Amino acid sequence: MKVQNNKAWWLVLPVFLLVAFSAIVPMMTVVNYSVQDIFDHSTRYFVGVDWYKQVLQDTRLHDSLLRQFIFSACVLLIEIPLGIVIALCMPTKGRMASLVLIVLAIPLLIPWNVVGTIWQIFGRADIGLLGWSLNSLGISYNYASNTSDAWVTVLIMDVWHWTSLVALLCYSGLRAIPDVYYQAARIDRASDWAVFRHIQLPKLKSVLLIAVMLRFMDSFMIYTEPFVLTGGGPGNATTFLSQTLTQMAIGQFDLGPAAAFSLVYFLIILLVSWLFYTAMTHNDKTR
Amino acid sequence: MTLRKKVVLGLYVLFLLVPIYWLLNMSFKSNTEILGGLTLWPHGFTLDNYKVIFTDPSWYEGYLNSLYYVCLNTVISLTVALPAAYAFSRYRFLGDKHLFFWLLTNRMAPPAVFLLPFFQLYSSIGLFDTHIAVALAHCLFNVPLAVWILEGFMSGVPKEIDETAYIDGYSFPKFFVKIFIPLIGSGIGVTAFFCFMFSWVELLLARTLTSVDAKPIAAVMTRTVSASGIDWGVLAAAGVLTILPGMLVIWFVRNHVAKGFALGRV
Amino acid sequence: MDWMAWTLPTALFFGFIGMLLVGMTIWELRSPCIERKGLLPIATTRGDRLFIGLLGSAYLHLLVVGATDWSVWIASVLSLFWLFAVMRWG
């Protein structure tokens with residue numbers, strides 16, 4: 001049981017100040033921008049909630065929000081089951097185990113724009129293995145001009161990039177199951193499926209919640225990889241929320257609408273992460 | 001069963017490694033070979049692409065800049081996160097749960113939201129285009145993560161150790177540095193690995209907060225695109241070189257990393 | 001501070017949030033709150049209810065601004081009722 005001690009605040013203070021500096025000051029600025037029409041440093045007008053109205057009724061934003069949700073859902077549906085399967089297949093001890101761990105971690109350690117570059121090269125029909133083989137097999141494939149090809153490539157790229165994280169999380173969750181459980185299952189002659197369903201899956205629950213949360217958040221703010229790979233195209237087919245926002249803020253320098261958009265974006269993330277977090281801690285308590 | 005497992009794992013590892021192999025393959029080819037036709041391995045093996053990077057200061061300084069702010073960020077994150085994680089793992093205090101959640105929301109905030117105000121903030125205090133600016137900006141998502149992971153490791157250390165040390169007359173700082181930190185050495189290693197990883201792979205903030213002096217390698221890489229087309233060979237070589245530091249770091253923590261992925265218990 | 005582009009309404013808004021946090025801290029120090037279960041499906045403390053109330057108010061504002069032509073003040077008044085209800089019965 002933890003001791004009640006408000007002096008512990010002194011230990012947290014450095015973190016609080018550091019994160020507050022990087023989070024609260026910018027957040028306040030975003031709020032300030034979002035209610036004004038800003039031309040330059042000295043010329044700005046208070047416009048109330050006009051930008052919010054404009055942003056909330058902007059079809060471009062609706063489209064990219066919809067795309068974003070579809071993308072995040074696809075990512076979760078593919079990566080979570082695949083990650084569990086991979087984790088179940090990983091060797092448990094010995095040299096092989098650490099070798100597999102390192103290989104799995106490689107994609108996580110590659111800068112995001114390089115991930116984009118790798119797939120940009122890999123998918124090209126003229127110099128990339130994937131594009132070249134598909135085309136020579138008679139399947140017409142071009143991620144730069146065909147919408148569905150672009151989507152599939154972005155999805156495969158994300159699976160390639162992040163499934164390892166899910167697998168490694170599940171792997172560490174599986175290691176936490178005592179051997180006794182498996183021995184008991186062996187005595188009962190339980191099938192592999194029964195072992196998975198009744199021993200491994202329940203134990204993975206909390207780890208999976210973390211995995212789902214991290215994957216949802218990160219896929220929801222994906223920017224660099226599709227930016228490098230497809231540049232958001234063809235058309236707007238792979239333009240996700242972050243990219244629409246960055247275009248607005250940096251490209252067109254529409255500070256007000258971009259700030260209002262940022263806050264709406266942040267509120268969505270805040271709600272979803274709060275739901276996940278509550279589910280997680282609630283889960284902890286009932287256990 | 002075990003054969004089936006091996007096949008599945010083998011296929012997945014293949015899926016992971018083939019794109020990387022392709023990058024490596026291309027980095028050893030000349031541009032004429034790359035564009036001339038598809039070859040599965042470099043026929044005219046050449047190190048010219050790497051030579052370009054190692055002889056041009058604007059290239060290798062990109063790597064040095066990236067490494068510099070990543071290390072700076074790792075050190076800052078660990079220094080502030082250690083005492084905070086201890087507080088979260090040992091005490092209940094006013095607003096602790098809300099504070100923890102607030103920290104986590106920063107890990108989840110899209111960097112795009114903070115892009116513009118960060119630019120303004122660091123310009124106004126004269127830190128624009130410095131390594132420390134990028135390091136501080138990356139603290140936004142690395143500090144919460146570090147607190148989260150470290151808290152998990154610290155909760156695994158029995159409380160009796162703290163109490164015994166206090167009875168033996170250790171002051172808090174002395175106990176913390178001399179006894180507690182060595183106990184969670186592996187946790188610190190894993191946390192450093194995660195901080196390194198997330199700071200190393202992030203580009204959006206790093207690119208926005210720098211222009212010349214602290215330009216990260218990831219931004220330098222866009223230079224390969226010129227009027228005459230993309231210099232594929234050099235681009236591939238630069239990509240390969242960005243993978244190496246990460247591999248080096250994970251080699252050091254390979255024995256603890258599985259535990260680190262448990263990410264505490266929230 | 002000039003680059004932060006402060007305006008009176010936003011300053012008042014953040015002042016209000018800051019006062020709320022300070023007030024909650026003092027209240028908590030004076031009479032510590034016990035977690036309880038009200039109408040909401042989970043057991044909550046006072047701080048949790050405040051957070052739920054504020055988040056709900058934010059979404060209410062977005063709904064009113066985005067979907068209707070009503071004045072934003074209607075959303076604010078509704079939010080006050082919602083905030084009070086959540087704090088009292090949530």
Side-chain angles (χ1 to χ4, degrees), chain A residues 2-6 8-9 11-12 14-15 18-19 22-23 25-26 29-30 85-86 89-90 98 101-103 105-114 117-119 121-122 127 129 132 160 168-169 171-172 175 210 217 221 223-224 242 245-246 249 258 262 265-266 269-270 273 277 280-281, chain B residues 5 8-9 12-13 16 19 22-23 26 34-35 38 80-81 83-84 86-87 90-94 99 101 103-106 108-110 112-118 120-121 136-137 139-140 143 147 197 200-201 203-204 218 232 235 239 242-243 246 250 254-255 257-259 261-263 266:
Chain A
K2 293 182 194 173
V3 190
Q4 174 83 32
N5 183 354
N6 281 339
W9 257 102
L11 296 174
V12 191
V15 163
L18 188 68
V19 179
S22 312
V25 173
T29 314
V30 173
V85 170
I86 303 296
C89 291
M90 281 165 74
S98 39
L101 270 180
I102 293 176
V103 171
I106 291 175
L108 301 174
L109 287 157
I110 303 178
W112 295 344
N113 68 319
V114 178
T117 308
I118 288 177
W119 282 89
I121 293 173
F122 195 58
I127 59 169
L129 188 59
W132 182 82
W160 180 84
L168 290 172
L169 282 168
Y171 176 75
S172 72
R175 292 289 77 75
I210 298 177
M217 300 309 150
M221 47 190 173
Y223 170 78
T224 316
S242 274
L245 175 58
T246 318
S262 297
Y265 194 172
F266 186 72
I269 294 262
L270 191 63
S273 52
Y277 184 76
M280 238 161 24
T281 42
Chain B
K5 278 184 177 176
V8 172
L9 193 67
Y12 182 68
V13 167
L16 286 188
W22 200 249
L23 191 77
M26 271 183 54
I34 293 172
L35 296 173
L38 201 84
V80 297
Y86 181 80
R90 289 293 191 262
Y91 301 113
R92 270 184 304 131
F93 50 94
L94 193 65
L99 186 67
F101 176 69
L103 283 176
L104 282 184
T105 57
N106 290 310
M108 292 148 192
V113 169
F114 290 109
L115 217 51
L116 210 67
F118 265 4
Q120 306 266 22
L121 173 64
L136 282 177
C139 279
L140 184 68
V143 166
V147 173
M197 162 175 145
W200 179 254
V201 298
L203 170 71
L204 193 54
W232 293 108
L235 183 68
T242 60
I243 304 178
I250 198 169
R254 64 188 182 282
N255 294 324
V257 87
K259 216 163 117 200
F261 273 103
L263 282 177
V266 183

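Just so it is clear, the structure is predicted and the values come from calculations on it, not from any experiment.
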Engaged part of A:Val25 at the chain B interface, taking heavy atoms whose separation is under 4.5 Å: side chain
Greatest number of heavy atom pairs closer than 4.5 Å to chain B - which of A:Ser22, A:Pro14, A:Ala8: A:Ser22
Side-chain (A:Trp9) to main-chain (B:Leu94) donor-acceptor, under 3.5 angstrom: yes
Gap separating the CE atom of B:Met26 from the CG atom of A:Leu129, nearest 0.5 angstrom: 11.5 Å
Residues that A:Phe266 engages under ring pair (Phe, Tyr, Trp, His ring centres under 6.0 Å), provided they are two or more places apart: none
Distance, nearest 0.5 Å, that separates OH of B:Tyr91 from CD of A:Gln4: 12.0 Å
Option that, when pairs with chain A are counted at under 4.5 Å, heavy atom only, ranks first among B:Leu9, B:Leu16, B:Leu99: B:Leu16
Any A:Leu18 side-chain heavy atom under 4.5 Å of B:Leu136 side chain: yes
Most contacts with chain A, counted as non-hydrogen pairs under 4.5 angstrom, among B:Ala87, B:Ala81, B:Ala137: B:Ala87
Contacting region of B:Leu23 [heavy-atom separation from chain A under 4.5 Å]: side chain
Test item: A:Val85 and B:Tyr12 side chains (from C-beta on) under 4.5 Å apart, heavy atoms: no
Residues that B:Pro117 engages under side-chain contact (heavy atoms from CB on, under 4.5 Å), provided they are two or more places apart: A:Pro26, A:Thr29, A:Val30
Contacting region of A:Leu245 [heavy-atom separation from chain B under 4.5 Å]: side chain
Nearest non-hydrogen partners of B:Pro83 and A:Leu11, listed with the distance: O-CB, 3.6 Å
Residue pair A:Leu108 / B:Val201: nearest heavy atoms and the distance that separates them: O-CG1, 3.6 Å
A:Phe122 and B:Trp22 aromatic ring geometry - parallel, tilted or perpendicular at 30°/60° bounds: perpendicular
Which atoms of A:Ile269 approach chain B - backbone, side chain, both or neither, heavy atom under 4.5 Å: side chain
Heavy-atom proximity to chain B below 4.5 Å, by part of A:Ile110: both
